[in-house]
2 protein chains.
Amino acid sequence: MGYLSCLDTVKPVRDAIEVINGKWKLPIIISVMTGNERFTDIQESIPGITPKVLAKELKDLEQHQLIKRVVVDDYPVKILYKPEPYADTLTPIIEALKGWGLNHRKKIFEKE
Amino acid sequence: MGYLSCLDTVKPVRDAIEVINGKWKLPIIISVMTGNERFTDIQESIPGITPKVLAKELKDLEQHQLIKRVVVDDYPVKILYKPEPYADTLTPIIEALKGWGLNHRKKIFEKE
DNA sequence: TATAGCGCTTTCCTAAAGGAAAGTGAAATA
DNA sequence: TATTTCACTTTCCTTTAGGAAAGCGCTATA
């Protein structure tokens with residue numbers, strides 16, 4: 001019989017997950033917010049990420065208006081990735097995940 | 001040259017993502033924390049989830065000690081899924097995602 | 001006896017994620 | 001002139017996620 005409705009929470013959580021899903025989006029946002037602007041710098045700041053994946057995820061994040069791709073017309077042309085103001089709204093999520101991750105690792109180590 | 005290190009944040013965030021990854025884990029935790037205990041109730045409380053996926057994710061969540069599977073020896077046998085205390089530590093993450101998701105939906109609607 | 005409910009499992013399938021390695025074109029540097 | 005850097009792209013491949021549909025063993029109910 002009747003189940004308890006949890007849609008008020010489940011729906012918005014799913015909306016958020018859809019934007020920041022996958023292994024790489026939050027790490028990339030964190031890197032860009034930390035101040036990494038160049039493709040290569042972002043890549044080197046995130047262990048294990050490949051250029052193919054990075055390029056694809058940067059495009060996704062641009063579409064969601066979390067970062068912007070800036071072409072600087074020096075010679076030679078420079079490409080910079082900068083956080084949009086909207087990226088700041090992700091800070092509570094990032095902090096919550098960071099805190100949980102730190103605690104979780106501590107918990108795992110205590111056990112084994 | 002040198003990139004800025006963001007590993008202090010990226011690493012724990014990735015640890016957290018590894019546990020709650022995918023489309024369904026948080027919705028299931030939310031449903032169980034809301035009070036849904038039976039397999040069928042959980043399934044009905046989360047639109048779109050199939051029994052195969054639910055069964056698999058419930059096993060994952062049990063392994064991470066976020067929920068427990070309780071066999072009640074009535075006749076007939078009842079199977080209940082209950083949140084472990086550790087699930088409560090996910091509340092800040094869930095709340096952050098919920099808040100962001102609500103705001104994001106508002107933002108999208110304003111635009112179009 | 002037939003049907004329904006519960007908690008799944010099984011099979012089959014597609015799509016998306018992700019990784020490895022190499023390459024590319026333009027410009028800078030040695 | 002040769003090499004390196006930058007910002008990618010391309011190809012190929014494997015893995016994982018996830019969905020659709022059916023079925024299964026058990027019990028309860030009509």
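So that the names make sense, note that chain A is the first sequence line, chain B the second, and so on, each numbered from 1. The structure displayed is predicted, hence computed values, not measured ones.
As a whole-Å value, the separation of B:E37 CD from C:dC6 P is 14 Å. Note: CZ (B:R14) to P (C:dA17) measures 16 Å, nearest angstrom. Summarising the geometry, the separation between CD1 on B:I20 and C1' on D:dA17 is reported as 16 Å, rounded to the nearest angstrom. As a whole-Å value, the separation of B:E18 CD from D:dT16 C1' is 14 Å. Atom CG in B:L54 sits roughly 10 Å away from atom P in C:dG7 (whole-Å rounding). Rounded to an integer number of Å, the gap from B:K78 NZ to C:dC8 P is 15 Å. As rounded to whole Å, 14 Å separates atom P of D:dA7 from atom NZ of A:K59. Regarding B:Q43, its CD atom lies at a distance of 11 Å from the P atom of C:dC8, rounded to whole Å.
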Exercise. Taking it one step at a time, do B:E37 and B:Y81 satisfy side chain to side chain contact (heavy atoms under 4.5 Å, CB included)?
Worked result: CA-CA 5 Å; B:E37 302 191 309; B:Y81 292 93; 5.7 Å; no
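Panel note: side chain A:T34, backbone A:I30; a donor-acceptor pair is recorded below 3.5 Å. Formation of a donor-acceptor pair under 3.5 Å by the B:N36 side chain with backbone atoms of A:L4 is found in this model.
Closest to the side chain of B:I79, out of D:dA7, C:dG7, D:dG19, is C:dG7. Each of D:dC8, C:dT9, D:dG18 was ranked by its minimum atom distance to the side chain of B:E57; first place goes to D:dG18.
A salt bridge links A:D60 with A:K56: the closest approach of a Lys/Arg side-chain nitrogen to an acidic carboxylate oxygen falls below 4.0 angstrom. Under a 4.0 Å N-O distance rule, the pair A:R69/A:E62 does not qualify as a salt bridge.
Using a 4.0 Å heavy-atom criterion, one finds that A:K25 contacts no nucleic acid atom at all.
Remark: A:K23 is not in phosphate contact with C:dA16, judged by side-chain N or O atoms under 4.0 Å from OP1 or OP2. For the pair B:R38 and C:dG7, the criterion of a side-chain N or O lying under 4.0 Å from OP1 or OP2 is met. Within the structure, a side-chain polar atom (N or O) of B:W24 is placed less than 4.0 Å from OP1 or OP2 of D:dG19. Within the structure, every side-chain polar atom (N or O) of B:Y81 is placed at least 4.0 Å from both OP1 and OP2 of C:dC6. Between B:K56 and C:dT10 there is no side-chain N or O to OP1 or OP2 distance below 4.0 Å.
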Problem set entry | Footprint string (nucleotides 20-30 of chain D, 5' to 3'): B base within contact, S backbone only, - free, heavy atoms under 4.0 Å | B------SS--
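A side-chain donor-acceptor contact under 3.5 Å links B:K25 and B:N21.
When the side chain to side chain donor-acceptor pair (under 3.5 Å) test is applied to B:Q43, no partner is found at least two apart in sequence or on another chain.
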